[in-house]
Participant: 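Here it is: the structure, laid out below.
Computed from a predicted structure; not experimentally measured. Along the sequence shown, the residues carry numbers beginning at 1.
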Amino acid sequence: MTDTELLHYITTRDPDEAEALFAEARKVRERYYGNAVYFRGLIEFTNYCKNDCFYCGIRASNKNVGRYRLSVEQILQCCTLGNILGYKTFVLQGGEDPFFTDERIVEIVTAIRREYPNHAITLSIGEKERKSYEMFFEAGANRYLLRHETADNAHYAAMHPASMSLAHRKQCLFTLKEIGYQVGAGFMVGTPFQTPETLLEDLRFLEELKPAMVGIGPFIPAAGTPFGEEAQGSLEQTLRMVALSRILLPKALIPATTALGTISSQGRERGLMAGANVVMPNLSPKAVRKHYSLYDNKICTGDEAAECRLCMEGRIRSFGFIPDMRRGDAAV
Ligand code: 5AD
Ligand code: FES
């Protein structure tokens with residue numbers, strides 16, 4: 001698609017055009033993945049973070065967050081429960097927490113790998129040095145999620161403190177790919193200072209990186225952050241960005257994100273209808289879930305993990321999709 005065409009679909013307010021775009025995205029998704037929707041068990045193991053991203057609820061300066069860390073034992077318990085529930089992928093996500101040194105991450109990945117030789121282990125723990133990424137990979141990690149957040153330098157600088165840079169983040173993504181990880185990039189829709197042109201850059205960056213996974217969700221203001229009073233991203237535009245990403249990267253694994261489900265009661269299901277093919281129910285212990293507050297009013301923070309899977313399954317089937325508990329690596 002040309003820039004003009006992409007910009008048109010990024011901005012269109014015509015519901016018929018949007019529906020045609022979603023139908024095309026579904027067709028592309030079906031080609032490689034049919035109606036399967038893959039399940040990933042998400043373990044939010046620390047909400048400490050040394051960074052201060054302007055949008056994020058768990059940024060270091062937010063003093064109103066009850067901070068927690070899971071112990072290695074607690075993380076392994078989440079995996080045990082997840083395995084019983086049928087999950088074949090564990091996603092370990094956390095803030096950039098200096099307590100979790102490379103050695104501690106290696107210890108955790110090694111322990112999970114020992115018990116689950118055939119599961120996929122996904123890390124989502126931010127920007128690290130090549131050496132660290134290599135150590136985690138050797139210990140058994142297979143996938144890595146690191147949203148680029150925006151592919152535009154000025155926009156990136158407007159959302160992050162000067163200590164962070166888009167160039168380094170992009171470098172991390174290419175390094176992860178070189179090492180052999182299946183890599184996930186992605187961005188929020190509706191962040192302050194975002195424009196149709198920066199969203200176009202996001203799509204062009206995805207085409208350049210060719211990630212195995214793409215995470216897209218609406219921006220949702222988080223209390224106690226610099227962007228806490230800003231408007232949330234639009235459901236419709238987020239869905240169009242999911243659809244465009246699917247069309248540009250037919251084989252990508254694209255989650256219907258929790259943020260989508262948070263701004264609309266059927267947001268995740270509509271994400272699937274716009275070309276997404278993954279859901280990531282929460283496996284974190286119930287007691288800590290409400291503290292992993294990247295944004296306000298996050299859903300599924302009060303239920304047991306088992307209920308989460310059953311609830312998602314029912315919702316998915318009612319939209320004509322087939323829950324798939326296999327590992328679900330990216331199509332080749
Ligand atoms: N609204 C929506 N998504 C957010 N994230 C962080 N803060 C917010 C927010 N306020 C997303 C970022 C990050 C992912 C883990 O959560 O894109 O990469
Ligand atoms: Fe968590 Fe429905 S997905 S309760």
Side-chain angles (χ1 to χ4, degrees), residues 22 25-26 28-30 32-44 78-79 81-93 119-122 124 143 145 147 182 184-186 188-189 211-218 220 235 238-239 241-243 245-246 249 251-284 286 289 292 294-295 297-331:
F22 302 155
R26 285 197 292 277
V28 174
R29 195 262 328 283
E30 274 165 31
Y32 293 105
Y33 295 108
N35 280 335
V37 173
Y38 296 113
F39 278 59
R40 321 298 197 195
L42 179 63
I43 303 167
E44 298 155 336
C78 292
C79 294
L81 173 63
N83 184 52
I84 290 168
L85 293 171
Y87 289 97
K88 299 288 188 297
T89 296
F90 301 128
V91 182
L92 296 175
Q93 185 173 89
H119 284 50
I121 301 175
T122 307
S124 179
R143 304 180 184 150
L145 305 177
R147 291 190 183 173
Q182 296 170 46
M188 291 169 283
V189 175
M213 302 164 286
V214 182
I216 298 172
I220 305 171
L235 170 69
T238 306
L239 295 172
M241 295 311 295
V242 167
S245 301
R246 165 61 63 204
L249 296 177
K251 296 177 182 175
L253 293 156
I254 304 181
T257 54
T258 306
L260 255 180
T262 296
I263 62 163
S264 168
S265 62
Q266 296 194 327
R268 281 174 300 183
E269 292 76 8
R270 292 188 63 187
L272 299 174
M273 295 298 283
N277 65 334
V278 171
V279 289
M280 299 171 68
N282 205 316
L283 277 182
S284 313
K286 188 176 173 174
R289 281 191 201 175
Y292 201 80
L294 304 178
Y295 44 80
N297 306 315
K298 189 173 162 208
I299 53 168
C300 300
T301 52
D303 306 88
E304 300 295 345
E307 292 165 14
C308 234
R309 175 175 163 193
L310 292 178
C311 160
M312 269 319 302
E313 272 207 43
R315 288 161 156 260
I316 283 169
R317 285 188 201 282
S318 77
F319 275 72
F321 296 98
I322 314 288
D324 192 327
M325 296 304 291
R326 289 176 299 174
R327 220 177 105 124
D329 289 293

Participant: Could you pull out the closest heavy-atom pair between Ser284 and Cys78, with the gap in Å?
Facilitator: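 Looking at all heavy atoms of both residues, the shortest contact is CA-SG, 4.3 Å.
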Participant: Mind checking side-chain contact (heavy atoms from CB on, under 4.5 Å) for Leu81 and listing every partner two or more places apart, or none if nothing turns up?
Facilitator: Leu85, Ala305
Participant: Please list, chain by chain and in numerical order, all residues satisfying side chain to side chain donor-acceptor pair (under 3.5 Å) with Tyr292, sequence neighbours excluded.
Facilitator: Gln93
Participant: Of all residues at least two apart in sequence or in a different chain, which pass the side-chain contact (heavy atoms from CB on, under 4.5 Å) check with Arg317?
Facilitator: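 Only Glu313, Pro323 meet the side-chain contact (heavy atoms from CB on, under 4.5 Å) criterion with Arg317.
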Participant: Check whether any side-chain heavy atom of Leu145 lies under 4.5 Å from a side-chain heavy atom of Arg40, and answer yes or no.
Facilitator: no
Participant: Can you check whether Asn277 reaches Leu253 side chain to side chain, under 4.5 Å on heavy atoms?
Facilitator: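 The answer is yes; the side chains approach within 4.5 Å.
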Participant: Closest approach of Ala25 and Ala274, non-hydrogen atoms and distance?
Facilitator: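 Taking Ala25 first and Ala274 second, the nearest heavy atoms are CB-O, 3.4 Å.
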Participant: Sub-3.5 Å donor-acceptor pair from the side chain of Arg246 to the main-chain atoms of Ala252, do we have one?
Facilitator: yes
Participant: Closer than 3.5 angstrom, by distance alone: can the side chain of Tyr33 be matched with the main-chain N or O of Ala331 as a donor-acceptor pair?
Facilitator: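 Between the backbone of Ala331 and the side chain of Tyr33 there is a qualifying donor-acceptor contact (under 3.5 Å).
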Participant: So do the side chains of Met188 and Arg147 get within less than 4.5 Å of each other, counting heavy atoms only?
Facilitator: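 Yes, their side chains come closer than 4.5 Å.
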Participant: Can you confirm whether more than 12 heavy atoms, excluding those of Arg326, are under 6.0 Å from its CZ atom?
Facilitator: no
Participant: With Arg143 as reference, evaluate Thr89, Val91, Ile121 under the side chain to side chain contact (heavy atoms under 4.5 Å, CB included) test and give the passing residue.
Facilitator: Thr89
Participant: Donor-acceptor check, side chain of Thr238 to backbone of Gly217, threshold 3.5 angstrom: yes or no?
Facilitator: no
